[in-house]
Student: 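Just dropping this structure here.
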Number of protein chains: 6
Amino acid sequence: MRNTALVVSAHSADFVWRCGGAIALHGRRGFDVTIVCLSYGERGESARLWKEEGMTLDRVKASRRREAEKAAAALAAHDIRFFDLGDYPLELDREAKYRLVEVIRQVQPAFMLSHSLEDPYNTDHPYATRVALECRMIAQAWGHNPGETVLGAPQLYLFEPHQSEQCGWKPDTLLDITEVWEQKRAAIECMEGQQHLWDYYTRVAENRANQFRRNSGGQAGGREARYAEAFQAVFPRTVDGL
Amino acid sequence: MRNTALVVSAHSADFVWRCGGAIALHGRRGFDVTIVCLSYGERGESARLWKEEGMTLDRVKASRRREAEKAAAALAAHDIRFFDLGDYPLELDREAKYRLVEVIRQVQPAFMLSHSLEDPYNTDHPYATRVALECRMIAQAWGHNPGETVLGAPQLYLFEPHQSEQCGWKPDTLLDITEVWEQKRAAIECMEGQQHLWDYYTRVAENRANQFRRNSGGQAGGREARYAEAFQAVFPRTVDGL
Amino acid sequence: MRNTALVVSAHSADFVWRCGGAIALHGRRGFDVTIVCLSYGERGESARLWKEEGMTLDRVKASRRREAEKAAAALAAHDIRFFDLGDYPLELDREAKYRLVEVIRQVQPAFMLSHSLEDPYNTDHPYATRVALECRMIAQAWGHNPGETVLGAPQLYLFEPHQSEQCGWKPDTLLDITEVWEQKRAAIECMEGQQHLWDYYTRVAENRANQFRRNSGGQAGGREARYAEAFQAVFPRTVDGL
Amino acid sequence: MRNTALVVSAHSADFVWRCGGAIALHGRRGFDVTIVCLSYGERGESARLWKEEGMTLDRVKASRRREAEKAAAALAAHDIRFFDLGDYPLELDREAKYRLVEVIRQVQPAFMLSHSLEDPYNTDHPYATRVALECRMIAQAWGHNPGETVLGAPQLYLFEPHQSEQCGWKPDTLLDITEVWEQKRAAIECMEGQQHLWDYYTRVAENRANQFRRNSGGQAGGREARYAEAFQAVFPRTVDGL
Amino acid sequence: MRNTALVVSAHSADFVWRCGGAIALHGRRGFDVTIVCLSYGERGESARLWKEEGMTLDRVKASRRREAEKAAAALAAHDIRFFDLGDYPLELDREAKYRLVEVIRQVQPAFMLSHSLEDPYNTDHPYATRVALECRMIAQAWGHNPGETVLGAPQLYLFEPHQSEQCGWKPDTLLDITEVWEQKRAAIECMEGQQHLWDYYTRVAENRANQFRRNSGGQAGGREARYAEAFQAVFPRTVDGL
Amino acid sequence: MRNTALVVSAHSADFVWRCGGAIALHGRRGFDVTIVCLSYGERGESARLWKEEGMTLDRVKASRRREAEKAAAALAAHDIRFFDLGDYPLELDREAKYRLVEVIRQVQPAFMLSHSLEDPYNTDHPYATRVALECRMIAQAWGHNPGETVLGAPQLYLFEPHQSEQCGWKPDTLLDITEVWEQKRAAIECMEGQQHLWDYYTRVAENRANQFRRNSGGQAGGREARYAEAFQAVFPRTVDGL
């Protein structure tokens, strides 16, 4: 059986900036990574498109979807699903939550990825994470669609928000993504409407790599890593060695 | 080269209750685990001995040392060193800190273990951890005893305090110690002066194992584990996969 | 006038593990303790039942209700009410909230008991507590059903979650339940579907008793207590002496 | 273009106690300050009125509205709008949120003011703040009512809750309101139903002024200020000098 | 045997502002309350005296001592002891700590009172509290001066700092001091050099009383209290009823 | 009278990476900025030098001093003082503290700058900040060297640590340093022994500038800033307008 992972992304570009490296890397490691985009970020994260003459919501959504599909392909993600639930604000009714539960149960992820628990700039982000926790719980319930295989206890990693310190987010896991950096940068460049973020997140990756080196070897320098991503785990790890 | 680990224990019994399982388990995994007891806990943690007729400080210390040596042997620790710095309160001057730095550099631990960062009941405990962090930093300094091999960047795990919630301690790592439980229990029973804690820490291990199962498999039950220990990591992990 | 207390339990077994001792003890002290079970925990906390052939939601609920009624009887609770609102996820619309407000006003509790404010494993738990706080506020409003007796300012105690440190829960009150332990254990044994928790919560009670002794007398040993429960108070106490 | 500010007040009296000085002061400084009262506080904060014979919800609301309008006039506020959404509990559906977004876009505030992020006594208060953050985000979205002028990035100041320490509120800004104190006191005295709070909030203002003096000059005394208000900023300031 | 309590005050006036009511009240309740002033606050809290012509350190100390003795008498404290250790900064060597341990053991307090755990304005305050915790621990040690009666496990209450929210202090206990207010005000007026604080702390007491009423009875008003003091408990309470 | 500011830097390079822009910018604004380097960072932050043949402590210190003086000149700092107290660990006895107090009183800074309050990687950093707070307090004391001008109440800004989220540091102030960026980069390039940090802190400045733009104008873009520094204020600001 192949390993699997699941990304829950509030808007269709979040997965690229925040965990594109993890997606590509685990793809290479033999994981099937599924991405769920709860919305296209069509209202709130598509400023450039809206400045075009005669733009409509459907055209923005179509454009954002194409970008996200291209990015997912660049990262060699196994699957990307668009829930098209609307953004700014994002809201999931019970039916939408059950749809997410269904995906979780199908995927049976070894781990999940979503947003930080707080974000004063963007209330969709922590909302998505609360929903991810709620749906993880429902997916574990034997009485939800009895007969289906229930979920185990996958780790939930919180990926990096835009202004980390303002979001109460403290990374405890640094992932070396050097070997897949070209893929991540290619995915980033699919996001044509947000060019102002391309170099921002490249710099984030370079600085997280500096921290990777420090935490693997002190100021004297640890393992060489040129690009990294940072994550915060919600649940304790269960291990056989420290 | 063998793997190594280092325990910094404020008093001579702390390592038993709090990370005896980790010591024994890593011993089996081929680690040389060195234990530093900064004091014997002779004043503050030897109530039973002090109730004996004609007890002296030296006799308490000797007794505590014998117990700790027996416990270390039961856990198959590689080495145990007694700094005999006094307790209640524990204090390290610069010379004592350099002595700890020297041990750290000799051991070159892959990871370190010490107390929680806070403990309103016992100020020796967080003091020992602050010293461990300070000495870890000194051991990394190229200008401290130039020519010696400097320390890399070992993880510091905080082991479980007596009243966890009062100490601001939140475990993020659960270690299955089932296979070495007999050793840990044997080490515990070396602590003759603290029999009231034998069953307490047995129950802690059983309940942490329940949490291990949950975190590896949900309420539906994960990997069977009957005894576990819990730890909080101070630094981010550097990994190649989530 | 008799003293009263009110328990708000997300699922029908929570009150047993988490405050069964407090219920029984206050019963002996002359309190009428009312328990509100917002759901039966029929979907999420009844794994064993769902593994039986031909199980249905109604049968699970009936079984869970019987268990809870038996447990409430074992604890000599004054009353137990089942709101049957569904679980995983639990949700209260305005009508359901007003129903809870009505119970609160009828009971006029000297204190209330509910879940921790956070729980990443189980979003129903903190949801129940937020609802309890909201309904406490509504019950205090002179303009809600004018003419009814408004609520005073009862303390809200948060009872112990399953993995305390992960839930940001810090107990500030330790209650000696030794004299009613037999009742609590009997109530626990009513929960036939969750036998894996019987000994877990027995160990919790024994270890909280050790902490009771320490906090009433230091390491030298305080008042003998063999079983205890722990709580976190939300509001300041108002006292005539420290 | 005139400067503007926006107050989001859960109940119709909150703006008086908590930021009446800021409103009056910025009025003098040439700001147009708009106040949005999401509810009248008719159910939960009008105890005195409800004690009158034959009181009705409509009469309470009318009375509270009159008081709030008088207070706004005393503070020389530019505008006060009543959303009349009900209180205890306050709830905003999507339409109500869009209504608030519309006001935000019309006002284009240089800064906003609302409640603390937590308040265990009054769940309407943090709810209003969460809504303010959500609507601030929607107002920034280019795809929300395309063609309208989007919002910039106004600071959100959290004004002082009734029991500050219980609400996780930590002020970082002390505003000298000495020159407008008479106006604030006049506005306070418009709240005839809550006379028990008049002197309470006068004392708060006097003690915050003491803190103003200390923080501008140490124990030796800084700038003379006799009345002050305190605020907590949610977002970082962007400055040209420290 | 009479009940006892112990106040550890960094400077000689702190006990008046921060727990004068508790001292007087427990005196009336039959407690012998002992006050330890670690310093006179002669350098840092005597600005008015230093502005006098020809002032010397000894004269400041003598003046501060007289004031504190008068205040202690006004509060009917059992005993006041001056350690004269110097202030700004306050420091205790091991000998000074043992001196405090000796007092703790002599007094055998049912509870202790000291400063908040943080105070960025005044590092002497949290230092005094850390020392109080350390000396409490030493006083519990059977091996410290064997043969003496060891300390039990007294609660440590943190009294109110000057700017509560800046000091991470959250009160959980409100004490009605109405019946002894005249004594507290008399003690306050002994502090001739700090007249600017007389009314400040009177207002604090009045506002804490408002909070006392709320927490004992909601907005509808609880037990009448006109003056109160607020405290934060460090350790869990051990109780027989909630 | 000219405005003044004071930087307290644990090691001789910290001021460059962490607040070089603030120093240069305030220089242009007419501030006299004084830098105190408590140590040269000679043992812990000079790895490259120690790898040279025949290196001695004195030569490292001389080299580090030259670099720091050049950097201070590049930033047009008013003054730089070297306390040469040693590093890894840094320790100040009372005499050294009084020396810092003396500088503080001479400078009479409008604001101070120092390290984050926590840093598990480098205990010298938070130690320097605790000392800065302690010496600020002493400098305010009328009884410390009576007759000298006492200090007012300068803000203390905490500058950015290397791994911000691990240090519990949350910036609340973003300073646009675009106009002095060339000076900061020049100062950075004076640190020849730490070339691995040149680009790291350039990227930090660029990303903080992105955050500056967002916080001054939302995702739609605020004021153009290409380089910025971030700070956390310890004390509340006292203002005349929000």
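Throughout, a chain's letter reflects where its sequence line sits, starting with A, and its residues are numbered from 1.
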Student: Ignoring hydrogens and angles, tell me if any N or O in the side chain of B/Ser9 forms a donor-acceptor pair with the backbone of B/Val36 under 3.5 Å.
Tutor: no
Student: Aromatic contact between F/His162 and F/Tyr201, with the criterion being ring centroids under 6.0 Å apart: yes or no?
Tutor: yes
Student: Under a 3.5 Å threshold, yes or no: a donor from one side chain and an acceptor from the other, between F/Glu45 and F/Asn122?
Tutor: yes
Student: Which class fits the ring pair B/Phe111 and B/Phe31: parallel under 30°, tilted 30 to 60°, perpendicular over 60°?
Tutor: tilted
Student: Does the F/Gln140 side chain pair with the main chain of F/Leu151, one donor and one acceptor, at a distance under 3.5 Å?
Tutor: no
Student: With distance as the sole test, does B/Ser114 use its side chain to make a donor-acceptor pair with the main-chain N or O of B/Val8 at under 3.5 Å?
Tutor: yes
Student: Based on non-hydrogen pairs under 4.5 Å, which of F/Asp124, F/Asp87, F/Leu49 is most in contact with chain B?
Tutor: F/Asp124
Student: Would you please go through residues 89-100 of chain F and name the residues with a non-hydrogen atom below 4.5 Å from one of chain B, in numerical order?
Tutor: F/Pro89, F/Glu91
Student: Suppose a student defines contact as a heavy atom less than 4.5 Å from any heavy atom of chain B. Which residues in residues 58-73 of chain F would they list?
Tutor: none
Student: Going by atom types alone, do F/Gln166 and F/Tyr121 pair a side-chain donor with an acceptor below 3.5 Å?
Tutor: no
Student: Would you say F/Arg214 and F/Gln211 are linked by a side-chain donor-acceptor pair, where the criterion is simply a distance under 3.5 Å?
Tutor: no
Student: Yes or no on ring pair (Phe, Tyr, Trp, His ring centres under 6.0 Å) for B/His11 and B/Tyr88, after CA distance, side-chain angles and deciding distance?
Tutor: CA-CA 10 Å; B/His11 313 106; B/Tyr88 282 57; 5.5 Å; yes
Student: Report yes or no: is the cationic atom of F/Arg185 (NZ for Lys, CZ for Arg) closer than 6.0 Å to the six-membered ring centre of F/Tyr227, at no more than 45° off its axis?
Tutor: no
